[in-house]
Amino acid sequence: MARVSLRGVSKSFGKVDVIRDVDLDIDNGEFVVFVGPSGCGKSTLLRLISGLENLSSGEIYIADRPVMDLPPSKRGIAMVFQSYALYPHMTVYHNMAFSLDLEGKSKKEIRERVEAAATILQMEHLLDRRPAALSGGQRQRVAIGRAIVRNPDVFLFDEPLSNLDAALRHDTRVEIAKLHRQLDATTIYVTHDQVEAMTLADKIVVLKDGEVMQVGAPMELFHNPANEFVAGFLGSPKMNFFDGVLTGASGVSSGGLQGSFSGEGLEVDAVRLVSENKNNGDRVRLGVRPQHLFLDTTGPVTGTVTLVEQLGTETVVELITQQGTPFRVASAENLSVTAGQQASFGFDASSAHLF
């Protein structure tokens with residue numbers, strides 16, 4: 001395992017800036033997830049670290065050595081792609097052994113490494129099969145095994161679960177988490193799925209338009225987002241937002257700067273104020289997570305029910321306010337509401353945010 005450091009990393013394709021001045025430190029053995037919407041630059045950033053793309057400016061260090069001028073094979077990394085990229089005419093064993101054979105390793109060492117990786121991934125019985133005889137999940141495990149046998153300093157995963165169905169994504173995600181704990185390897189993982197990010201990461205890097213929006217532990221980002229984008233991206237269903245104005249700053253508490261909100265029929269005090277550069281009367285948005293709303297006949301948030309989704313583990317209700325703002329409520333309880341009904345909800349101001 002190794003530390004990875006990025007200093008002023010930028011990448012442009014022609015006049016288009018895809019990555020903009022990224023500074024980031026990834027510690028030994030850390031599992032870091034790059035997450036963001038399609039086109040945010042997360043896969044490009046991973047390819048810059050791997051050497052599959054050249055920097056426009058900046059520096060990248062792996063294990064405290066600069067790697068900007070090194071090819072991928074010399075950077076001490078192993079990459080797992082979304083598409084598996086297996087050789088169809090080779091058995092699982094030879095797919096996993098191929099890179100070691102190119103490095104000139106002895107047959108004895110190759111067999112030992114391949115068999116050890118197969119044991120870790122519980123696929124000893126698959127070594128004589130070809131990729132066509134494997135399921136999607138098994139192929140992905142072969143791709144991961146091919147990375148393990150190289151004993152890299154850093155594992156790079158580029159949306160490895162995107163081609164799997166929902167149930168298999170969950171099972172493979174669990175396997176990757178267990179594998180990380182077992183190998184204790186530095187891992188960088190790219191996904192657009194915030195559930196994968198929240199469940200796998202020691203540290204999340206949220207990207208938007210090539211820029212880092214926030215870096216931190218999953219629950220730190222969930223409870224203390226640095227801006228409206230991070231708040232809206234992390235969490236399912238996504239955070240609700242209501243437009244209004246800042247009516248007063250109530251000083252600093254243990255949770256940081258606080259303010260009061262007025263808008264869309266809501267009057268709320270003692271809300272976490274994310275921006276420090278706001279004055280009374282400025283336009284702001286109140287953010288409240290669906291899970292923090294609860295049925296309350298005298299509650300301040302009122303809307304007309306447009307859809308009720310019974311998901312078994314939770315109930316998700318979609319509503320629209322009198323002002324036309326859609327919002328959602330998520331509850332572990334079976335909420336007794338129906339489409340077309342007016343319903344009111346309350347929430348604890350300490351769990352809300354002002355952006």
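These figures come from a predicted structure and were not determined experimentally.
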*Return the minimal non-hydrogen interatomic distance between Arg150 and Ala78, and the atom names on each side.*
NH1-CA, 4.2 Å
*Of the non-hydrogen atoms in Ala147 and Val80, which two are nearest, and what is the gap between them?*
CB-CG2, 3.9 Å
*Shortest non-hydrogen contact from Asn280 to Thr247?*
OD1-C, 3.8 Å
*Does the ring center of Phe347 lie less than 6.0 Å from the ring center of Phe294?*
no
*Would you mind reporting whether Tyr87 and Phe98 have side-chain heavy atoms less than 4.5 Å apart?*
yes
*Of the non-hydrogen atoms in Val268 and Ala349, which two are nearest, and what is the gap between them?*
CG1-CB, 3.8 Å
*Pick one: which of Leu207, Asp158, Val205 meets side-chain contact (heavy atoms from CB on, under 4.5 Å) with Val190?*
Asp158
*Are any of the side-chain nitrogens in Arg7 or Glu59 under 4.0 Å away from the carboxylate oxygens of its partner?*
no
_Regarding Asp69 and Lys74, does a basic nitrogen lie under 4.0 Å from an acidic carboxylate oxygen?_
no
_To the closest 0.5 Å, what do you measure between CZ (Arg129) and CG (Asn95)?_
14.5 Å
_Single hit among Val33, Ile77, Leu45, Ile49 for side-chain contact (heavy atoms from CB on, under 4.5 Å) with Ile188_ = Ile49
*Within the distance-only criterion (no hydrogens, no angle test), does the side chain of Asn240 pair as donor or acceptor with the backbone N or O of Phe327 below 3.5 angstrom?*
no
*About how many Å separate CG of Leu246 and NZ of Lys278, when rounded to the nearest 0.5 Å?*
8.5 Å
*Please confirm whether Arg289 makes a cation-pi placement over Phe222, using NZ or CZ under 6.0 Å from the six-membered ring centre and within 45° of the ring normal.*
yes
*For the atom pair CD (Glu53) and CZ (Phe13), what is the distance rounded to the nearest 0.5 Å?*
4.0 Å
*State plainly whether the residues Arg285 and Glu228 are in salt-bridge range, i.e. N to O under 4.0 Å.*
yes
*asked:* Between Asp21 and Ser10, is there a side-chain heavy-atom distance shorter than 4.5 Å?
replied: yes
*Nearest non-hydrogen partners of Leu335 and Gln310, listed with the distance*: O-NE2, 4.3 Å
*Kindly compute the distance separating NZ (Lys107) from CD (Glu112), expressed to the nearest 0.5 Å.*
14.5 Å
_salt_bridge(Asp25, Arg3) N-O dist < 4.0 Å_ = yes
_Lys11 versus Asn54, closest heavy-atom pair with distance_ = NZ-O, 2.8 Å
*Hey, what do you get for OG1 (Thr304) to CD1 (Ile320), rounding to the nearest 0.5 Å?*
8.0 Å
_Distance (rounded to the nearest 0.5 Å) between Gln214 CD and Ile204 CD1_ = 9.5 Å
*Without swapping roles, check the side chain of Asp17 against the backbone of Arg20 for a donor-acceptor pair under 3.5 Å.*
no
